[in-house]
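Each remark here refers to the structure printed beneath this line.
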Amino acid sequence: MLGYAVVRGGFGLLAVRRVCLLSRYSHSAPQSECRSIKKVMVANRGEIAIRVFRACTELGIRTVAVYSEQDTGQMHRQKADEAYLIGKGLPPVAAYLHIPDIIKVAKDNNVDAIHPGYGFLSERADFAQACSDAGVMFVGPNPETVRKMGDKVEARSIAITAGVPVVPGTDSPISSLQEAQAFAQTYGFPIIFKAAYGGGGRGMRVVREYEELEENYQRAYSEALTAFGNGALFVEKFIEKPRHIEVQILGDKYGNVIHLYERDCSIQRRHQKVVEIAPAFQLDPHLRDRLHADAVTLAKQVGYENAGTVEFLVDKHGKHYFIEVNSRLQVEHTVTEEITESRFFCDGYDSDSDIWTNRPEI
């Protein structure tokens, strides 16, 4: 994905203090306010693992990589201080989804915290809970928040409760083709199938006429099952040619939530983001403010901690609709780093820091 940061005016320096690595945004079993972190594992591979390792090295924290049998020669294994095989005998993707092996490696090697990166287990509530149960810090939201935000139907319900506008859609995952047919008869075409327990364009199919309904239902279900281990789908009215705007949020354990502005990710191919622009180009200032406010309101509604992204669609009339929350770090977080001079990995955010009250103008 290409990332373009469009900077307007000066952007001032965020005042932050390096404290325990993202400790304010980590969840685990009861612990002291600032738990010392000496060793971090990244339950991921490739670029994101290397990026976290680099940040940890800068902070003097020892790093641990995990790798599948097929990734023996990959760079992320070489960049870590320690590296351990997981998922022996499993296909490469399945290896990185094998929670018991990851937790065992963490406990056997005195890992203090696990960073999930993005993809794989990053939005799995059962993984966040497994870390907590093992006494290992999960660098991300608490398990209950991950569960709520990972379930798009529940996230939609929470948005409605918070007064955030949503696209017309089913109130719960559908379990049959007949339910999809009933929805289409009520709202008309086009409609869109979406995976209830995952994102990234997988399990997403647009249906424009009745004859396409059954085939796309089956394909969406199969894609969701393969990618997320759960084929549950929900259905929404499809918004034609919308702008796709996402708002970066940060929350602490005391209920404070801020936004770090928005990114326009409307340029996509097959529902995969190709170009990110920040700040969003030619966006009405009042609409921009509403997007920011709704993102913060929704995050506060669930007591959101850590970094996350609230995503919206904006139709041709300038109306915006909540679509989902990514309760993890996103690939495109680097675009926000460029326009705010923040560093999501190296800087420990403190509620007394100016980052909560003196954000830069962009």
Side-chain angles (χ1 to χ4, degrees), residues 123 125 141 144-174 183 187 190-204 206 232-251 257-266 268 271 273 276 278-280 283-330 332-333 336:
E123 293 181 275
E144 183 63 11
T145 299
V146 176
R147 185 193 65 78
K148 289 179 178 179
M149 295 295 96
D151 180 343
K152 289 185 173 59
V153 176
E154 183 164 358
R156 171 191 170 84
S157 176
I158 292 169
I160 293 172
T161 301
V164 177
V166 300
V167 179
T170 54
D171 294 327
S172 60
I174 63 174
F183 180 87
Y187 292 97
I191 63 173
I192 183 169
F193 291 116
K194 292 184 177 180
Y197 298 100
R202 298 176 180 86
M204 186 179 292
V206 177
L233 304 172
F234 71 100
V235 191
E236 286 183 346
K237 179 68 177 175
F238 182 63
I239 306 298
E240 295 277 11
K241 297 182 179 179
R243 293 185 71 176
H244 190 158
I245 309 293
E246 56 190 21
V247 178
Q248 180 69 57
I249 57 169
L250 290 173
V257 179
I258 63 169
H259 68 82
L260 289 180
Y261 310 99
E262 80 288 341
R263 302 183 293 261
D264 189 323
C265 50
S266 301
Q268 301 182 13
H271 307 296
K273 299 165 188 175
E276 294 268 345
L283 188 66
D284 179 81
H286 297 294
L287 174 57
R288 189 190 307 272
D289 290 342
R290 291 197 299 273
L291 290 168
H292 295 166
D294 281 349
V296 171
T297 297
L298 180 58
K300 286 185 175 181
Q301 182 75 20
V302 295
Y304 196 91
E305 301 174 35
N306 208 289
T309 305
V310 184
E311 303 201 11
F312 299 91
L313 295 181
V314 178
D315 68 16
K316 60 184 178 181
H317 304 294
K319 295 180 64 176
H320 69 287
Y321 306 93
F322 164 76
I323 52 173
E324 66 179 351
V325 172
N326 294 127
S327 55
R328 56 173 169 79
L329 196 69
Q330 283 192 283
E332 52 269 33
H333 75 275
T336 294

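These numbers were taken from a predicted model, which means no experiment stands behind them. Note that these values count all heavy atoms, side chains included, but never hydrogens, waters or copies made by symmetry.
At a threshold of 4.5 Å between non-hydrogen side-chain atoms, the residues I249 and V310 count as touching. For the pair K194 and E324, the minimum side-chain heavy-atom distance is 4.5 Å or more. Residues I323 and F312 form no side-chain contact, since every pair of their non-hydrogen atoms from C-beta on lies 4.5 Å or further apart. Here the side chains of E154 and S172 are not in contact, with every heavy-atom distance at 4.5 Å or above. For the pair T336/Y261, no side-chain contact is recorded, criterion being any heavy-atom separation below 4.5 Å from C-beta on. Counting heavy atoms from C-beta on, the side chains of V314 and L287 come closer than 4.5 Å. No side-chain heavy atom of V235 sits less than 4.5 Å from a side-chain heavy atom of Y187. The shortest side-chain heavy-atom distance between V166 and V164 does not fall under the 4.5 Å cut-off.
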**Prompt:** Under the side chain to side chain donor-acceptor pair (under 3.5 Å) criterion, do H292 and E262 qualify, and how do the steps go?
**Reply:** CA-CA 8 Å; H292 295 166; E262 80 288 341; 2.7 Å; yes

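Here the rule is side chain to side chain contact (heavy atoms under 4.5 Å, CB included) with H320, and of D315, L291, L313 only L291 fits it.
Scanning both residues, H244 and S266, for their nearest heavy atoms gives N-OG, 2.8 Å. Of all the heavy atoms in F322 and A155, the pair that sits closest is CE2-O, 3.7 Å. Closest of all the heavy-atom pairs between Y304 and V257 is O-CG2, 4.2 Å. Minimum heavy-atom separation, A280 to R243: CB-NH2, 3.9 Å. Minimum heavy-atom separation, S327 to M149: CB-CB, 4.1 Å. Closest approach of V146 and A125 over heavy atoms only: CG1-N, 3.6 Å.
Here CD of Q301 is found 7.5 Å from CD1 of I158. Values are rounded to the nearest 0.5 Å. Considering CG of L233 and CD1 of I174, their distance stands at 5.5 Å, rounded to 0.5 Å. Interatomic distance, I245 CD1 to E311 CD, rounded to the nearest 0.5 Å: 10.5 Å. The structure places CG of D151 at 4.0 Å from OH of Y197, a figure rounded to the nearest 0.5 Å. Note that OG1 of T297 is 10.5 Å distant from NE2 of H259, once rounded to the nearest 0.5 Å.
Counting only N and O atoms by type, the side chains of T309 and Q330 include a donor and acceptor under 3.5 Å apart. Donor-acceptor pairing under 3.5 Å is lacking for the side chains of H333 and Q248.
Remark: side-chain polar atoms of R156 are paired, donor with acceptor, to backbone N or O of V167 under 3.5 angstrom.
Between E246 and R263, at least one side-chain N (NZ, or NE/NH1/NH2) sits under 4.0 Å from a carboxylate O, which counts as a salt bridge.
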